[in-house]
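What you see below is based on every heavy atom in this structure, not just the backbone, and it leaves out hydrogens, waters and symmetry mates. Each residue takes its place number in the sequence, starting with 1.
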Amino acid sequence: MKKKRIMTSFPVRILAVSIPGLLAGLFFNATRTMGFTSGALNLVVTTRYVLSQLIAFLAPLIIIGLMASSIISVKKDPTPATKPVIRITYISMLGAAAFSAVLGYLIIPRLPVSTDSLSFRFLPDTLFELPIPAPFSALSALVLAILLGFGACWTNAVRTKELLNEFRGITLSLMSRVLLPILPAYIGLSLCTLAYQGYFIKYLPLLLLTLVIVIPVYGIWTLLLYYFAGSYSGEKPWKVLKEYLPVCKMALMTRSSAATGKYSLEAASKCECLEQDLTKDALPLFTQIHHCGSVLTEVFFAMMISRILYGSVPAPGTMVIFSVLLATCSIGTPGLPWGTVMVSLGTLTGILKFGDSGVALMFAVFAIHDGFAAACNMTCDGALALILTGYAKKREISKNTDI
């Protein structure tokens with residue numbers, strides 16, 4: 001229970017350190033001519049550097065520890081709903097990423113973002129360097145996790161499965177005891193340096209505008225997904241959406257998909273158009289692995305942060321790779337609070353080349369939208385259940401059918 005409380009309160013802790021960090025950076029900016037400011041900034045930059053090295057080292061281990069064991073758990077006791085659920089979920093998240101990226105390319109380049117880096121202050125050097133190179137890159141970790149997970153299932157390697165499950169427990173322990181305690185400090189220090197350099201004051205209106213833009217995007221994507229679900233299944237999707245509105249409200253309040261799972265089952269049981277037997281099997285899995293709202297959020301914010309801090313929106317090819325890896329990592333982290341953004345540490349730094357400031361800003365803005373993303377995830381589960389119903393009807397699948 002203690003670990004659960006730590007992990008579920010993580011967004012609140014992120015927001016709690018963001019404001020003091022920003023205020024400290026503004027204070028250092030205003031007192032930059034004083035002697036103590038230089039020493040304090042040296043300490044801030046050095047501490048952030050050490051924490052970033054440790055986080056970068058943990059990122060690929062997290063991907064392997066969570067994803068390989070998740071593949072094993074999904075394939076352990078397959079049901080008729082399992083295979084289509086995974087396919088439907090993956091396509092939904094890729095669709096959300098593509099939709100968000102298209103909007104990003106249409107909107108973000110037109111925003112008035114200055115790329116004049118000479119107007120920002122330089123940070124002092126670190127007092128010392130303590131390089132902690134990661135054992136392998138995030139992409140290597142992802143490929144290794146997938147191959148290990150499927151290889152262990154194909155060969156029924158019992159001891160390897162047990163080892164990977166034990167490694168998952170070690171990974172979760174490292175996250176709760178090491179990563180989650182130091183991440184708020186790392187984010188606060190990074191935001192402090194951003195405020196000192198002048199990014200915060202100059203780009204605050206754009207960041208606030210981005211936060212506002214994404215809110216209606218959730219609604220648009222939800223309606224599009226329900227429309228597609230209705231067209232595919234031949235049912236009226238609005239009947240399902242109506243039952244899922246209370247689930248959306250509950251997800252906004254709890255900021256957690258896991259805590260809203262039982263309400264999703266209750267809502268689905270009221271929808272006569274859904275295939276109830278398959279839906280009861282599928283919805284718990286949807287709740288764990290379907291994070292379309294989180295993926296949508298992260299793709300749009302990543303493009304905006306890249307534009308602000310690094311001068312340009314990532315190239316379409318880069319965003320395709322990032323989206324595919326993000327969806328793959330998200331589907332491989334069932335039951336993990338903030339799983340999407342946690343496993344994206346490696347893809348943010350490895351694919352989009354985000355530095356300390358970019359990662360910190362991503363976590364900070366994601367914390368603000370955490371409830372909205374969870375609400376989008378849970379509301380869209382109803383649409384996916386409707387798609388699964390259409391899939392079952394077209395292939396005459398029932399709960400007892402072997403597919």
Given Leu384, Thr279, Asn377, the one that forms side chain to side chain contact (heavy atoms under 4.5 Å, CB included) with Phe286: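 Single pass found, and it is Leu384.
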Which atoms form the tightest heavy-atom contact between [X] and [Y], and what is the distance?
X	Y	result
Pro216	Val212	CD-O, 3.0 Å
Ile108	Met304	CD1-N, 3.5 Å
Ser269	Gln276	CA-OE1, 3.5 Å
Tyr203	Ile308	CD1-CG2, 3.1 Å
Pro124	Val45	O-CG1, 3.7 Å
Ile368	Leu211	CD1-CD1, 3.9 Å

Can Thr155 and Thr160 be said to form a side-chain contact (heavy atoms from CB on, under 4.5 Å), step by step? CA-CA 10 Å; Thr155 60; Thr160 301; over 6 Å; no
With a 4.5 Å limit on heavy-atom distance, are the side chains of [X] and [Y] in contact?
X	Y	answer
Phe354	Leu309	no
Leu352	Tyr310	no
Ile14	Phe366	no
Tyr105	Pro316	yes
Tyr90	Val324	yes
Ile289	Val85	yes
Leu224	Phe99	yes
Leu278	Tyr391	no

Counting only heavy atoms not in [X] (residues, nucleotides, ligands), do more than 12 fall under 6.0 Å from its [atom1]?
X	atom1	result
Tyr263	OH	no
Phe372	CZ	no
Ile19	CD1	no

Donor-acceptor contacts under 3.5 Å from residues 131-153 side chains, at least two apart:
{"from": "Ser137", "atom 1": "OG", "to": "Ser140", "atom 2": "N", "distance (Å)": "3.2"}
{"from": "Ser137", "atom 1": "OG", "to": "Ser140", "atom 2": "OG", "distance (Å)": "3.0"}

From [X] [atom1] over to [Y] [atom2], what is the distance, rounded to the nearest 0.5 angstrom?
X	Y	atom1	atom2	result
Ile107	Ile213	CD1	CD1	5.0 Å
Met67	Ser330	CE	OG	9.0 Å
Ile64	Thr171	CD1	OG1	8.5 Å
Ser190	Ile187	OG	CD1	7.5 Å
Leu127	Glu129	CG	CD	11.0 Å
Thr210	Ile215	OG1	CD1	11.5 Å

Under the criterion side-chain contact (heavy atoms from CB on, under 4.5 Å), I'd like the reasoning laid out for Tyr218 against Thr297: C-alpha separation, chi angles, the key distance, then a yes or no. CA-CA 9 Å; Tyr218 292 128; Thr297 303; 2.4 Å; yes
Let's go through Phe300 and Val217 carefully: what are the C-alpha distance in whole Å and the side-chain angles of both, what is the deciding distance for side-chain contact (heavy atoms from CB on, under 4.5 Å) to 0.1 Å, and is it a yes or a no? CA-CA 10 Å; Phe300 195 86; Val217 172; 5.7 Å; no
Can a donor-acceptor pair be found, under 3.5 Å and without considering hydrogens, that links the side chain of [X] to the backbone of [Y]?
X	Y	answer
Arg168	Leu164	no
Thr46	Thr126	no
Ser92	Ile88	no
Ser357	Leu194	no
Thr389	Glu275	yes
Thr347	Phe322	no
Ser69	Leu66	yes

Below 3.5 Å, can you tabulate the donor-acceptor pairs from side chains in residues 235-252 to any protein atom, sequence neighbours excluded?
{"from": "Glu235", "atom 1": "OE2", "to": "Lys393", "atom 2": "NZ", "distance (Å)": "2.4"}
{"from": "Tyr244", "atom 1": "OH", "to": "Ser264", "atom 2": "O", "distance (Å)": "3.3"}
{"from": "Tyr244", "atom 1": "OH", "to": "Ser264", "atom 2": "OG", "distance (Å)": "2.9"}

Would you mind listing every side chain to side chain donor-acceptor pair (under 3.5 Å) that reaches into residues 220-233, with sequence neighbours excluded?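 Sorted result for residues 220-233: empty, none.
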Could you tell me whether the side chains of Tyr186 and Asp356 share a donor-acceptor contact shorter than 3.5 Å?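 Tyr186 vs Asp356: donor-acceptor pair found between side chains.
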Are Val359 and Ile55 close enough, and set up right, to give a side-chain contact (heavy atoms from CB on, under 4.5 Å), and what steps lead you there? CA-CA 11 Å; Val359 172; Ile55 292 170; 6.0 Å; no
Test ring pair (Phe, Tyr, Trp, His ring centres under 6.0 Å) on Tyr49 and Phe128; report intermediate values, then the result. CA-CA 9 Å; Tyr49 165 77; Phe128 61 89; 7.6 Å; no
Aromatic plane relationship, Phe36 with Phe27 - under 30° parallel, 30 to 60° tilted, over 60° perpendicular: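 Answer is tilted, since the angle falls between 30° and 60°.
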